[in-house]
Each structure stands twice: as structure tokens, then as C-alpha cells.
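It should be emphasised that the depicted structure is a prediction, and the values quoted were computed from it without experimental measurement. These numbers come from the heavy atoms of this one structure, side chains and all, not from hydrogens, waters or symmetry mates.
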Amino acid sequence: MTERELKLLLDANAVKKVHVLYALMSQGYMIVVDGKPLETTKREAKEFKTLDAAAKQLFKLGVADFSVKLKTHSC
């Protein structure tokens, strides 16, 4: 889902859940909306280096209510 698609869904009040997930492979964060990752215009998952950057993007899009899911495992 691109930012444009997300804005359309937000305008229609059709978004149920927004999560910011830690992306282990990229060692950064990604935004997931109703189970679909936020994507670039090239349809690649959009990655954020910091949690603050992901939150800033969500606030810019008009999302103030989201959860953060960090998966950690012990060695």
C-alpha cells in the first residue's frame, strides 16, 4: 500500500490497525496497515532507520493512534 492509498483509506475511515514493526533483516522499522506494509512507489516495503522517523511519517499522514511491535529473542 502506497502513501496515496493509505490517505484514501484514512479519509474513508477504513483503516483498522496500524503497527510499526521492527524489521530484523533491515535493522530498521516498517509501517504495516491492516496487515499490508507501507510501500514506496516502486512497490518495495518502505523502511525507516529509527522509530522516530516512522512515527513522524505516520503523524504527517494523519495517523496518531498506532502500536509498536518489537520482536526480540534471547540467544
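The side-chain heavy atoms of Val15 and Asp34, taken from C-beta on, include a pair separated by under 4.5 Å. The shortest side-chain heavy-atom distance between Met30 and Leu38 does not fall under the 4.5 Å cut-off. Contact of the Glu5 side chain with the Val33 side chain is not registered, since no non-hydrogen atoms from C-beta on lie closer than 4.5 Å.
The CG atom of Asp52 sits 9.0 Å away from the OH atom of Tyr29 when rounded to the nearest 0.5 Å. We find the OG1-NZ distance between Thr50 and Lys56 to be 9.5 Å, quoted to the nearest 0.5 Å. One distance of note links NZ of Lys36 with CE of Met1; it measures 5.5 Å at 0.5 Å rounding. Note that CD of Glu47 and OG1 of Thr40 are 9.5 Å apart. Values are rounded to the nearest 0.5 Å.
Under the side-chain hydrogen bond (donor to acceptor under 3.5 Å, both in side chains) criterion, Gln57 pairs with Glu3, sequence neighbours left out.
Taken together through direct or relayed side-chain contacts under 4.5 Å among Ile, Leu, Val, Met, Phe, Trp and Tyr, Leu21 and Val18 form parts of separate hydrophobic clusters. Clustering ILVMFWY residues whenever any of their side-chain heavy atoms sit less than 4.5 angstrom apart, transitively, puts Ile31 in the very cluster that holds Val68. The cluster map of Ile, Leu, Val, Met, Phe, Trp and Tyr, joined by side-chain heavy atoms under 4.5 Å apart, puts Leu8 and Leu10 in different clusters. Hydrophobic clustering, with ILVMFWY side chains joined whenever heavy atoms are under 4.5 angstrom apart, groups Phe48 together with Tyr22. Cluster annotation: Leu61 is connected to Leu51 through the hydrophobic network of ILVMFWY side chains, with a link wherever side-chain heavy atoms come within less than 4.5 Å.
The minimum heavy-atom distance between Phe66 and Ala55, with the atom names listed, is CZ-CB, 3.8 Å. Across all non-hydrogen atoms, the minimal contact from Thr2 to Arg43 is CG2-NH1, 3.6 Å.
No more than 12 heavy-atom neighbours from other residues, nucleotides or ligands sit within 6.0 angstrom of CG on Asp65.
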